[in-house]
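All remarks here apply to the structure that follows.
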Amino acid sequence: MKSYKIEGVILRTADFGDANRVVTIYTRNFGKIEVNAYGCRRAKNPLSGALQMFNLISAEINQSAKVDTIKEADVIKFYPNLTADVEKMAYASLFFEVINRMTLPKFPEVGVYDLILKTLPALEERNARVAALIGICQFMEFSGEQLNFFHCVHCGAEIETDAAFSLIDGGAVCMNCVDAAGGVLSYPNNLRQAFYKILSFDWRQHLNFSLKEIISAEEIILKYIQSIIGKELNAVKFIRQLETL
């Protein structure tokens, strides 16, 4: 049986059977892969500690005609706050769910992998809500579903003042074209400037964003993503439940 080695971050896990788990991993060299981990939920299984959400791991994978299986795995880095702090866990889950839903299997993109490694420490140590939003917005630039924040999607004019934003057309709409756009939201000048800060954000900087900017940017990004995938994100439902507690 052939095997190969990977380095990657665990995006998702799903239990099946009495002790097994399907593990989705975003890897540097192979992109997103899905593997079976048989028996890993048993306490004495050597895989049990490694195959947890958010862990950065190295692993050896056995190839199969159907679904590859994990042979062995070691934790390179884990992020304890992302499981100990429920709010951080919720926003980390949101970031990972977006990546999982909007990437194709075995389609490597080193930029996405590097972005995950930059975003994880910020989710762990800083404001997780802001870090998740920045990570999602920057990820969208790799996704093939990029939004146009700075030019009118109808006429191409540069947006310099208050405008509109079309979820259907995928970007900003100048006031001359707004009547031809669908799914329109408000897009004031300060929100456009916030998106510029988000997309150009250097992860070594401070997360200097106002709550109003974050809420407004979240509304556009999450509504757009959910319109693409056709349903509400599970992590969004969880975050709403937390807000009612």
Contact summary for [X] and [Y], nearest pair of heavy atoms:
X: E141; Y: L147; value: OE2-O, 4.3 Å
X: P121; Y: L117; value: CD-O, 2.9 Å
X: I57; Y: V75; value: CG2-CA, 4.3 Å
X: L51; Y: A37; value: CD1-CB, 3.4 Å
X: I10; Y: F96; value: O-CE2, 3.2 Å
X: Y91; Y: A132; value: O-CB, 3.5 Å

Find out if a path of hydrophobic residues (ILVMFWY) with successive side-chain heavy-atom gaps under 4.5 Å connects [X] to [Y].
X: L133; Y: L242; result: yes
X: V98; Y: I33; result: no
X: I76; Y: F30; result: no
X: V236; Y: I220; result: yes
X: V130; Y: F238; result: yes

Inset, instruction - Show the numbers, then the answer: is there a side-chain contact (heavy atoms from CB on, under 4.5 Å) between K77 and L120? - result: CA-CA 10 Å; K77 188 169 179 58; L120 273 169; over 6 Å; no

Inset, instruction - Decide yes or no on side-chain contact (heavy atoms from CB on, under 4.5 Å) for E213 and N190, but give the supporting numbers first. - result: CA-CA 8 Å; E213 288 174 332; N190 62 343; 5.6 Å; no

Inset, instruction - Apply side-chain contact (heavy atoms from CB on, under 4.5 Å) to I70 and I61, showing your working. - result: CA-CA 5 Å; I70 253 194; I61 312 294; 3.2 Å; yes

Taking atom [atom1] of [X] and atom [atom2] of [Y], what is their separation to the nearest 0.5 Å?
X: W203; Y: K118; atom1: CH2; atom2: NZ; result: 9.0 Å
X: F139; Y: T103; atom1: CZ; atom2: OG1; result: 5.5 Å
X: C40; Y: N45; atom1: SG; atom2: CG; result: 6.5 Å
X: T13; Y: R41; atom1: OG1; atom2: CZ; result: 9.5 Å
X: T69; Y: E60; atom1: OG1; atom2: CD; result: 10.0 Å
X: M102; Y: I229; atom1: CE; atom2: CD1; result: 8.0 Å

Any side-chain heavy atom of [X] within less than 4.5 Å of one from [Y]?
X: I136; Y: I225; answer: yes
X: K231; Y: R101; answer: yes
X: L199; Y: C137; answer: yes
X: L56; Y: E7; answer: yes
X: V110; Y: R28; answer: yes
X: L211; Y: R129; answer: yes
X: K32; Y: N100; answer: yes
X: L47; Y: Y38; answer: no

Legend entry - Check ion pair R240-E232 (N to O, under 4.0 angstrom):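 Yes.
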
Inset, instruction - Answer with yes or no whether the side chains of Y4 and N29 bring together a donor and an acceptor at under 3.5 Å. - result: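 Their side chains do not contain a donor-acceptor pair, so the 3.5 Å distance test is not met.
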
Atom pairs and distances, side-chain donor-acceptor, residues 157-169, under 3.5 Å, sequence neighbours left out:
unit_1 : atom_1 : unit_2 : atom_2 : d
D162   : OD1    : N189   : N      : 2.8
S166   : OG     : I168   : N      : 3.4
S166   : OG     : D169   : N      : 2.9
S166   : OG     : D169   : OD2    : 3.1
S166   : OG     : G182   : O      : 2.5
D169   : OD2    : H154   : NE2    : 2.8

Between [X] (side chain) and [Y] (backbone), is there a donor-acceptor pair under 3.5 Å?
X: N55; Y: A50; value: yes
X: K88; Y: L123; value: yes
X: E124; Y: N81; value: yes
X: Q138; Y: I198; value: yes

Legend entry - V184 and V173: CA distance, side-chain angles, deciding distance, side-chain contact (heavy atoms from CB on, under 4.5 Å) verdict: CA-CA 9 Å; V184 171; V173 179; 5.7 Å; no

Legend entry - Over 12 non-hydrogen atoms of neighbours within 6.0 angstrom of NZ in K197: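 Counting other residues, nucleotides and ligands, NZ of K197 exceeds 12 neighbours.
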
Inset, instruction - Look at atom CZ of F78 and say whether more than 12 heavy atoms of other residues, nucleotides or ligands are closer to it than 6.0 Å. - result: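 No, because the 6.0 Å sphere around CZ of F78 holds 12 heavy atoms or fewer from other groups.
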
Legend entry - Aromatic centroids of F54 and Y79 separated by under 6.0 Å: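 Ring-ring flag for Y79/F54: false, centres at least 6.0 Å apart.
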
Inset, instruction - Could you label the plane-to-plane angle of the Y26 and Y113 rings as parallel, tilted or perpendicular, counting under 30° as parallel and over 60° as perpendicular? - result: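 Aromatic pair Y26/Y113 classed parallel.
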
Legend entry - Option passing ring-ring contact (aromatic ring centres under 6.0 Å, His included) with F149 (candidates Y224, F195, Y196):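 Between F149 and the candidates, ring-ring contact (aromatic ring centres under 6.0 Å, His included) is satisfied uniquely by F195.
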
